[in-house]
Amino acid sequence: MEPHHAIEKEHDFIPERKKWKRQLFRIIYRADTPLGKMFDICLLILIFLSTFIVMLESVPSFDLQFHTLFIVLEWTISLFFTAEYILRIITIRNKRKYIFSFFGIIDLLAILPFFLSLLLPVTKFFLIIRMLRILRIFRILNLLDFMNDGYLIVRALKNSSRKIYIFLLFLMIFSVIVGSMMYMVEGHKEGFESIPQSIYWAVVTVTTVGYGDVSPTTPLGKLFAILLMLAGYSIIAVPTGIVTAEMRNKRQNFEKVCSRCMNDDIDDDANYCKRCGEKTSIPERYLGNQ
């Protein structure tokens, strides 16, 4: 019998003891074998194909001409994903850990819209959620090291959330005040018949979107619009600066440094200092935040 430790754990998922389940585990969860790589590549192709089909179905002319083909392909791909999800569960012992993991939830969301569409046809367009499964490409192409950058972005957004919430609250108050003033200045004209409509114009203007569907006609209203558009550029720069500063701070905390010569110009994947050859380490200030 094949020893249990022959297959390494991946994402802390432990394979079942039966040989056929362990073999399936290696194919489904790993990409270090020809079959495993082929399985993952086929999975990516089916994800792209499924997304492409959903988009084409929303085009009436294509749906009318290829409706039957789309239905057959949808059923085939969805049944494949369903079988794959079931196999992912039955081939591991710590099933609960996979079911409630990030990728486990995504895998479930990838098949739920198909079954919901049997009762509510319009929900089939939620199959576009399958695009989230493309995140597996980091594992397939051995790009997990690049996830560090994603981690830094998430941490920066999380740590900046309080400042951003305060900024959004200020922006809401500012838009309400300006919208109300424009309602009075424009004298209830078209596009400014009510305060909510005027607030809509203020938000569109201050965010520099500028749909052009509503615009002031009075000289004072145009002056307000000019001031609001100029303020919009500086206002939009605020959250960008907050997040960028936080990302820079987190990046500095994450960078490796040399304990001998204090060199911080070290590549992320380097284990030794390029200046003196000393083994590198992550700063204690970063380790203390974990």
Side-chain angles (χ1 to χ4, degrees), residues 10-11 13 24-92 95-158 207 209 211 243:
E10 184 188 41
H11 308 305
F13 298 148
L24 277 177
F25 173 89
R26 184 146 200 156
I27 294 173
I28 295 174
Y29 282 98
R30 300 184 65 84
D32 59 348
T33 62
L35 282 177
K37 287 184 179 295
M38 186 182 299
F39 175 82
D40 287 334
I41 291 173
C42 290
L43 198 62
L44 289 177
I45 292 173
L46 289 177
I47 292 170
F48 281 116
L49 180 60
S50 174
T51 304
F52 188 62
I53 290 172
V54 172
M55 290 190 293
L56 288 182
E57 274 191 296
S58 66
V59 181
S61 58
F62 283 111
D63 186 46
L64 184 64
Q65 187 175 359
F66 302 104
H67 182 74
T68 303
L69 177 62
F70 289 157
I71 294 297
V72 171
L73 289 175
E74 273 184 12
W75 272 84
T76 304
I77 296 173
S78 297
L79 291 177
F80 174 85
F81 284 145
T82 302
E84 180 226 355
Y85 180 74
I86 295 172
L87 287 175
R88 285 185 182 274
I89 294 175
I90 66 177
T91 54
I92 58 176
K95 306 180 190 304
R96 183 182 178 87
K97 190 159 191 175
Y98 163 72
I99 293 173
F100 293 100
S101 68
F102 174 74
F103 282 111
I105 293 173
I106 288 178
D107 293 343
L108 178 62
L109 292 176
I111 60 176
L112 277 181
F114 169 73
F115 295 103
L116 288 175
S117 67
L118 300 178
L119 299 175
L120 300 171
V122 71
T123 59
K124 68 180 178 180
F125 294 106
F126 284 114
L127 288 172
I128 206 75
I129 293 174
R130 287 175 180 170
M131 282 294 290
L132 289 174
R133 302 198 67 187
I134 297 297
L135 293 174
R136 293 185 184 276
I137 198 171
F138 287 102
R139 178 176 66 85
I140 297 169
L141 300 180
N142 296 321
L143 298 175
L144 290 177
D145 289 340
F146 288 93
M147 292 300 287
N148 288 335
D149 295 328
Y151 169 79
L152 289 173
I153 294 174
V154 172
R155 285 294 299 272
L157 289 173
K158 182 178 179 181
T207 55
V209 176
Y211 290 129
V243 176

**Q** Would you say that Tyr85 contacts Ile99 through its side chain, given a criterion of any heavy-atom pair below 4.5 Å between the two side chains?
**A**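 Yes, close enough: below the 4.5 Å cut-off.
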**Q** Do Arg130 side-chain atoms and Ala110 backbone N/O form a donor-acceptor pair below 3.5 Å?
**A**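 Yes: the side chain of Arg130 pairs with the backbone of Ala110.
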**Q** Going from CD1 on Ile77 to CG on Leu49, what distance comes out if it is rounded to the nearest 0.5 angstrom?
**A**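 It is 4.0 Å, given to the nearest 0.5 Å.
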**Q** Give a yes/no verdict on a cation-pi contact between Arg88 and Phe103, requiring under 6.0 Å between NZ or CZ and the six-membered ring centre and an angle within 45° of the axis.
**A** no
**Q** Can you say whether the rings of Phe66 and Phe62 are parallel (under 30°), tilted (30 to 60°) or perpendicular (over 60°)?
**A** parallel
**Q** Rounded to the nearest 0.5 Å, what separation is found between the CG atom of Leu24 and the CD1 atom of Ile92?
**A**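 Taking CG in Leu24 and CD1 in Ile92, the distance rounds to 12.5 Å.
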**Q** Are Phe126 and Leu109 side-chain neighbours, meaning at least one heavy-atom pair lies under 4.5 Å?
**A** no
**Q** Do other residues, nucleotides or ligands put more than 12 heavy atoms under 6.0 Å from the CE atom of Met55?
**A** yes
**Q** Could you grab the distance from atom CD1 of Ile27 to atom CG of Asp40, nearest 0.5 Å is fine?
**A** 10.5 Å
**Q** Hey, what do you get for OG1 (Thr91) to CD1 (Ile86), rounding to the nearest 0.5 Å?
**A** 11.5 Å
**Q** For Phe115, does the CZ atom sit with more than 12 other heavy atoms under 6.0 Å from it, leaving out its own atoms?
**A**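 Atom CZ in Phe115 is crowded, with more than 12 foreign heavy atoms closer than 6.0 Å.
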**Q** Looking at CG of Leu46 and CD1 of Ile53, how far apart are the two atoms once the value is rounded to the nearest 0.5 Å?
**A**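 These two atoms lie 9.0 Å from each other.
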**Q** Classify the ring geometry of Trp75 against Phe114: parallel below 30°, tilted from 30° to 60°, perpendicular beyond 60°.
**A** perpendicular
**Q** Calculate, to the nearest 0.5 Å, the distance between atoms CZ and OG belonging to Phe48 and Ser50 respectively.
**A** 11.5 Å
**Q** With sequence neighbours excluded, tell me which residues meet side-chain hydrogen bond (donor to acceptor under 3.5 Å, both in side chains) with Glu74.
**A**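 In terms of side-chain hydrogen bond (donor to acceptor under 3.5 Å, both in side chains), with neighbours along the sequence ignored, Glu74 is linked to no residue.
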**Q** Before you tell me yes or no, could you show the steps for Phe81 and Asp107 under side-chain contact (heavy atoms from CB on, under 4.5 Å), namely the whole-Å CA-CA distance, both residues' side-chain angles and the distance that decides it to 0.1 Å?
**A** CA-CA 8 Å; Phe81 284 145; Asp107 293 343; over 6 Å; no
**Q** Taking salt bridge (Lys or Arg N to Asp or Glu O under 4.0 Å) as the cut-off, I'd like each qualifying pair that reaches into residues 51-72, sequence neighbours left out, listed once.
**A**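 Residue pairs passing salt bridge (Lys or Arg N to Asp or Glu O under 4.0 Å), neighbours aside: Glu57-Lys124.
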